[in-house]
Trainee: 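Before I ask anything, let me first share the structure, which is written out below as structure tokens.
Letters A, B, ... are given to chains in the order of the sequence lines, protein chains preceding strands, and every chain is numbered from 1. Heavy atoms only: backbone and side chains are in, while hydrogens, waters and symmetry mates are out.
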There are 2 protein chains.
Amino acid sequence: MATTRDSILSAAGELLDQAGPDGVTLRAVAHIAGLSHNAPYKHFQDKEALLAAVAAKELRTRGAAMAAVLAKAADPLSALRRLMHDHVRWAMRYPHRFRLIFGRWDRYDDDLGEAAEATRRLFVESIAVARSNGLIEPGDNERTAALLMSLTHGAIDLALDGHLAADGKGRSNPCDLIDDLIDLLAPAISPARARRRSR
Amino acid sequence: MATTRDSILSAAGELLDQAGPDGVTLRAVAHIAGLSHNAPYKHFQDKEALLAAVAAKELRTRGAAMAAVLAKAADPLSALRRLMHDHVRWAMRYPHRFRLIFGRWDRYDDDLGEAAEATRRLFVESIAVARSNGLIEPGDNERTAALLMSLTHGAIDLALDGHLAADGKGRSNPCDLIDDLIDLLAPAISPARARRRSR
DNA sequence: ACCTGAACACCGTTCAAGT
DNA sequence: ACCTGAACACCGTTCAAGT
């Protein structure tokens, strides 16, 4: 059964995808859910709280998707690569969800923070596995996670606003850049790296 | 002499820094500039065009600042490093200008696009210099520029929303991550790299 | 508990005038 | 050319009632 709260939440998600956070007006949300224009206030404190709930829901979905990708991967390094590529595909398809999720959570003692922490740990863990197998040069796992996450995040953000696909020669989409960084992180002797380099 | 257009522009910049793009109401802008609430419409087509003008102005200022940093640097590699660190400092201090500048320009055949292209070229050029001096491993300059720019952009964006400084151990701020990537890009034999690694 | 309708303050934008 | 004041549609939010 779909509770009123759920139908409000899914209406908000729908509007978010179509028109971004500014397009998520409480009036439109209520209308889609078949309610009066201020019924949402009975379920969420205000617009910000509604968007935070949408973010929390999407974040949990992403965490499950990441776990599924990890489960299917052959080796730790390709698992890492698939994880990032999958993240890129999701972000390019749902740009407003991507930007919403990476906004500020400070004000919400919700499960939003812990859901994010869980997916982050999953990511750090998969780096730790690749490193302990000697597929990545020595270093701090948290630090390497921050490096790879920052690159992925920045490449996506730039690509979404059309600041990456500019040129013909050094054509660089987010997935290419992620591969570049993973190659840099892999030990110099790695045959996979040599193969990539020679292309 | 400060034209009316200039005073509108600087009022908009002031409001942007204080309260973000949503805080830049045309009414508040006009009030600060000492004009009636819709006088801005005589100088800018709409709110979006006003913000685009603010972005273009800031972008030119940034280009000049970057050129100044490059002129002062000792060697090509430290020039690159200083460039990125300076970019981080600016972005952390003026987050709303940072986000505005990296938004979409498509709709504006203004000088916005060319100003951005000019600063990008400056950046690619400084990579080319470092590479031709053997301070960076072989590769495509545009591609390496995209890699370094994406990492910097992503690290800043994550840091601004509090998603980077999480931990005590692998503590990573944008400048640390930039240094990590530059070290990875530098030839393995480089003594500077060995020094950094051992810390 | 959950929902509705009226109301308030605010904002972007337009228009008819004014100088 | 540049500015003003009134007006319209829209939005977040609050409140007094309804069931």
Side-chain angles (χ1 to χ4, degrees), chain A residues 1-57 96-97 99-100 103-110 112, chain B residues 1-57 96-97 99-100 103-110 112:
Chain A
M1 70 164 197
T3 68
T4 301
R5 189 190 145 97
D6 287 337
S7 63
I8 291 174
L9 222 46
S10 83
E14 209 173 298
L15 286 169
L16 178 69
D17 286 336
Q18 287 169 17
D22 285 350
V24 183
T25 70
L26 292 187
R27 284 167 150 89
V29 166
H31 183 254
I32 291 178
L35 301 168
S36 81
H37 72 276
N38 65 16
Y41 282 94
K42 308 304 165 181
H43 301 269
F44 301 94
Q45 198 177 15
D46 54 19
K47 179 177 175 171
E48 205 177 1
L50 170 57
L51 286 177
V54 172
K57 184 183 169 190
H96 295 300
R97 293 178 192 240
R99 292 218 161 103
L100 177 64
R104 304 207 64 104
W105 314 308
D106 310 29
R107 266 159 297 183
Y108 298 93
D109 34 9
D110 282 333
L112 224 176
Chain B
M1 70 162 197
T3 69
T4 302
R5 189 190 145 95
D6 287 338
S7 63
I8 290 174
L9 223 47
S10 82
E14 210 173 297
L15 286 168
L16 179 69
D17 287 336
Q18 287 169 18
D22 284 350
V24 183
T25 72
L26 292 186
R27 285 166 150 90
V29 166
H31 184 254
I32 291 179
L35 300 168
S36 82
H37 73 277
N38 65 15
Y41 281 93
K42 308 305 165 178
H43 301 269
F44 302 94
Q45 198 179 12
D46 54 18
K47 179 175 175 172
E48 204 176 4
L50 170 58
L51 286 177
V54 172
K57 184 183 168 190
H96 294 302
R97 294 180 191 241
R99 293 218 161 104
L100 177 64
R104 302 207 67 104
W105 313 308
D106 311 27
R107 265 158 298 183
Y108 299 94
D109 35 9
D110 282 333
L112 223 178

Trainee: Go through the steps to decide whether Leu15(B) and Gln18(B) satisfy the test side-chain contact (heavy atoms from CB on, under 4.5 Å), and finish with yes or no.
Mentor: CA-CA 5 Å; Leu15(B) 286 168; Gln18(B) 287 169 18; 4.3 Å; yes
Trainee: Expressed in angstrom and rounded to an integer, what is the separation of Arg5(A) atom CZ from dA1(C) atom C1'?
Mentor: 15 Å
Trainee: Go ahead and name the base partner of dA9(D); Watson-Crick or wobble counts if both distances stay under 3.5 Å, otherwise write none.
Mentor: none
Trainee: Whether Thr4(B) contacts dC2(D) is assessed here as follows: a side-chain N or O lying under 4.0 Å from the phosphate OP1 or OP2. Is that the case?
Mentor: no
Trainee: Nearest 0.5 Å, please: how far is CG in Asp46(A) from CG in Leu51(A)?
Mentor: 9.0 Å
Trainee: I need the NE2-C1' distance between His31(B) and dT4(D), as an integer number of Å.
Mentor: 15 Å
Trainee: Checking base pairs now: Watson-Crick or wobble, both atom distances under 3.5 Å. What partners dT19(D)?
Mentor: dA1(C)
Trainee: Please report the interatomic distance OG(Ser10(A)) to CG(Leu16(A)), rounded to the nearest 0.5 Å.
Mentor: 12.5 Å
Trainee: Tell me whether Lys47(B) contacts the main-chain N or O of Val24(B) through its side chain, where contact means a donor paired with an acceptor under 3.5 Å.
Mentor: yes
Trainee: What verdict does the side-chain contact (heavy atoms from CB on, under 4.5 Å) test give for Ile8(A) and Ile32(A), after you've listed the backbone C-alpha separation in whole Å, the side-chain angles of each residue and the deciding distance to 0.1 Å?
Mentor: CA-CA 8 Å; Ile8(A) 291 174; Ile32(A) 291 178; over 6 Å; no
Trainee: Would you mind building the protein contact string for nucleotides 7-19 of chain C? One character per nucleotide, 5' to 3', B for base within reach (heavy atoms under 4.0 Å), S for sugar-phosphate only, - for untouched.
Mentor: B---BBBBB----
Trainee: Show the numbers, then the answer: is there a side-chain contact (heavy atoms from CB on, under 4.5 Å) between Leu26(A) and Phe44(A)?
Mentor: CA-CA 10 Å; Leu26(A) 292 187; Phe44(A) 301 94; over 6 Å; no
